[in-house]
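Chain naming here is simple, since letters A, B, ... match the order of the sequence lines and numbering starts at 1 in each. Source: prediction; values computed, not measured.
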Amino acid sequence: MLDIQFIRDNSELVAEKSKQKGYDVDISQLLELDGQRRTRLTQIEELRARRNTLNDEAKGQRPTDEQIAAGKQLKEELVQLETELKGLEAHYDELLKKVPNMPLEDVPVGVSEDENVVARTVGEKTHFDFTPKSHWEIAEARDLIDKERATKVAGPRFAYIKGDLVRLQFAIIQFVLATVGDEHIIQHLIEENHLNLTAKPFMPVLPPAMIKTDVFAAMDRLEPRDDRYKVGEPEDDLWLQGSAEHTLGSMYKDEILDAAQLPVRYIGYSSSFRREAGTYGKDTEGIIRMHQFDKLEMEVFSTPETGLDEHKLLCAIQEYLVQQLGLPYQVIQKCTADIGKPNARGIDLEVWMPGQDKYRETHTADYMTDYQTRRLKTRGRKADGQIVLLHTNDATAFALGRIMVAVIENFQTADGHVKVPEVLQPYMGGSQEF
RNA sequence: GGAAGGGUGUCCGAGUGGUCGAUGGAAACGGUCUUGAAAACCGUCGUGCCGGCAACGGUACCGUGGGUUCGAAUCCCACCCCUUCCGCCA
């Protein structure tokens, strides 16, 4: 949610930037409602002040009939005005929540993801002396993925991941925890990118996989609901999270953190769940697009001053991780239409997938400024006692399914095996190939 | 799931209808004292919203939502959460 004061002061800018992001919000109507609401509020507070005065006068003694009559009169007027205010505020809240976060200046303006900008390409597309297969062909032949039985048991877009592919997944997890938990690596990336940050390592977290409706909404990740799984109806008001970001970013709801604790850097590991509504027939082969996938997600809470640098650090970590695996990729600067409602800036990494002959999205880094924390009431107390809304950042470390697809396709051998990236070998008992 | 107890500010904790935004203690911050520190003493010390350039004024908030009342932290109802015991369970 945006600050209403900011919208009052910058109504034209807000209207324009909302439009750039593809959100049709009536700012003038919002401001009109805001005005009506404030008028009512002032009237109500005047009546309440009179009520309080009356109460002070009647204190400690039996109130006179006149006082009681005046009180009753005030009560009636208040009830009416308060009812009106409630109606106004409901409408006002609805409109206010519709206003998206403002994109930063360097976010390209575009009406669809086609207008995302390739910022740069890193590494050469993998070259083979043979025709590379898709991960699906390799995994099926080697019994590393069983989708058929998963479909029988759970439906389409589920899979049994098996054998060495499971070992690979756990190796990647270990590698990521070791990397982002190493303050020397963090320090190196901070210096390399000239960021003004501390080298605090990321703490691993296993978050809940489910989230309450109101918290999900406050994160502004509940929509589109079509893509979410509601669970436990009607007894439980719960959804399966679509990313550990949802349960990590909301964990300090209604809390004030000491500035000394900041930044809070987490690396969360969780299964994520997406209904993938409207993607029928898309990516049906293999495990590129699944209803359930495991993901390592970074989440950072910081002061407003360091929010953007934290975002850049997360982007640097993403690239570092992909480089360490030896995968070719490109960096995508997402345009206004594609960054998402709560985002001020969004960067994707797309890794080269030889089996599909294209770059595919494997990473996203989102910078939300204080858009989420305003509704969550996640704040920080600075050394001088000042209270500020914190800034949130989230970024994929690795989406395990997709990154294993990339590893299989980029490191495949002519005989249908997979070479293990060097950095992962220690975590796979020294195996160089499977 | 059953029984009992409980949710008050950064923390602990008092408060059962008006004198309570809330006693007291701790922590924190500023100061006095001290060679320095500790102790002691003095002072400061919640958040949101509305108005105001500001100083400040008003208002709301005692788990959440309703209700009773001229007036609610306090009484009533519903719900949520926590603790303990029992049951069940990885």
Selected nucleotide, minimal atom distance to A:Arg51 side chain, candidates B:rC50, B:rG71, B:rG58: B:rG71
Taking the minimum atom-to-atom distance to the side chain of A:Asn55, which one of B:rU59, B:rC70, B:rC50 wins? B:rC70
Between B:rG25 and B:rA78 - C1' atom distance, rounded Å: 36 Å
Please state the P separation for the pair B:rG15 and B:rC75 - nearest whole angstrom. 12 Å
Tell me what A:Lys377 touches on the nucleic acid: a base, only sugar-phosphate, or nothing, going by heavy atoms under 4.0 Å. nothing
Expressed as a whole number of Å, how far does the C1' atom of B:rG31 sit from that of B:rC45? 15 Å
Looking at A:Glu148, I'd like to know if its CD atom is crowded, meaning that more than 12 non-hydrogen atoms belonging to other residues, nucleotides or ligands lie closer than 6.0 Å. no
Sort out the partner of B:rG71 for me: Watson-Crick or G-U wobble, both distances under 3.5 Å, none otherwise. none
A:Thr64: what forms a side chain to side chain contact (heavy atoms under 4.5 Å, CB included) with it, not counting sequence neighbours? A:Glu66, A:Gln67
Salt bridge present between A:Arg157 and A:Glu276 (N-O < 4.0 angstrom): no
Please check this pair: side chain of A:Asn116 against backbone of A:Lys334, looking for a donor-acceptor N/O pair closer than 3.5 Å. no
Taking the C1' atom in each of B:rA27 and B:rC11, what is the distance between them to the nearest angstrom? 7 Å
Whole-Å C1' distance, B:rU16 and B:rA73: 10 Å
Quick one: label A:Arg8 by what it contacts on the DNA or RNA (base, sugar-phosphate, nothing), any heavy atom closer than 4.0 Å. sugar-phosphate
For A:His184, enumerate each residue passing the side-chain hydrogen bond (donor to acceptor under 3.5 Å, both in side chains) test, keeping only those at least two apart in sequence or located in another chain. A:Asp182
Quickly work out the A:Asp56 CG to B:rC70 P distance and round it to whole Å. 18 Å
Reckon A:Asn52 touches a base, only the sugar-phosphate, or nothing at all at heavy-atom distances under 4.0 Å? sugar-phosphate
Nearest-Å distance once atom P is located in both B:rC76 and B:rA22: 26 Å
Any strand counts, and the cut-off is 3.5 Å on both contacts for Watson-Crick or G-U wobble. Which nucleotide pairs with B:rA38? none
Counter-base of B:rG46, judged by Watson-Crick or G-U geometry with both distances under 3.5 Å: B:rC61
If the C1' atom of B:rA26 is compared with that of B:rC81, how far apart are they to the nearest Å? 26 Å
According to the Watson-Crick and G-U wobble definitions, with both distances under 3.5 Å, which nucleotide is paired to B:rC20? none
Which residue lies more 5' along RNA chain B, comparing A:Arg379 with A:Lys86 via nearest heavy atoms: A:Arg379
In whole angstroms, the gap separating C1' of B:rG67 from CD of A:Glu82 amounts to 14 Å
Any donor-acceptor pair under 3.5 Å linking the side chain of A:Lys200 with the backbone of A:Pro263? yes
Which one is paired to B:rU83, where only Watson-Crick or G-U wobble pairs with both distances under 3.5 angstrom count? B:rA4
Rounded interatomic separation in angstrom, taking CG from A:Leu78 and C1' from B:rA60: 13 Å
Measure from CG on A:Asp254 to P on B:rG9 and round the result to the nearest Å. 13 Å
Rounded interatomic separation in angstrom, taking CG from A:Asp214 and P from B:rC80: 14 Å
Between B:rA60, B:rC49, B:rC70, which nucleotide has the shortest distance from any of its atoms to the side chain of A:Arg48? B:rA60
With distance as the sole test, does A:Arg228 use its side chain to make a donor-acceptor pair with the main-chain N or O of A:Arg221 at under 3.5 Å? yes
Starting at the 5' end of RNA chain B and moving along, which residue's nearest nucleotide shows up first, A:Ile68 or A:Thr53? A:Thr53
How far does the C1' atom of B:rU32 sit from the matching atom of B:rA38, given to the nearest Å? 15 Å
Return the nearest nucleotide to the side chain of A:Arg381; candidates are B:rC49, B:rU59, B:rU10. B:rU10
In the structure shown, which nucleotide is the Watson-Crick or G-U wobble counterpart of B:rA27, with both distances under 3.5 Å? none
Mind calculating the distance between CG (A:Leu389) and C1' (B:rG48) to the nearest angstrom? 11 Å
Over all strands shown, is A:Leu74 touching base, sugar-phosphate only, or nothing at heavy-atom distances under 4.0 angstrom? nothing
Round to a whole Å and report the spacing from CZ of A:Arg50 to P of B:rG57. 22 Å
Can you tell me the Watson-Crick or wobble partner of B:rG51, both distances under 3.5 angstrom? B:rC56
Determine whether A:Val388 and A:Thr303 make a side-chain contact, defined as any pair of heavy atoms from C-beta on separated by less than 4.5 Å. no
Taking only side-chain nitrogens and oxygens of A:Arg40, does any of them come within less than 4.0 Å of OP1 or OP2 of B:rC50? no
Over how many whole Å does the gap from A:Ile44 atom CD1 to B:rG58 atom C1' extend? 14 Å
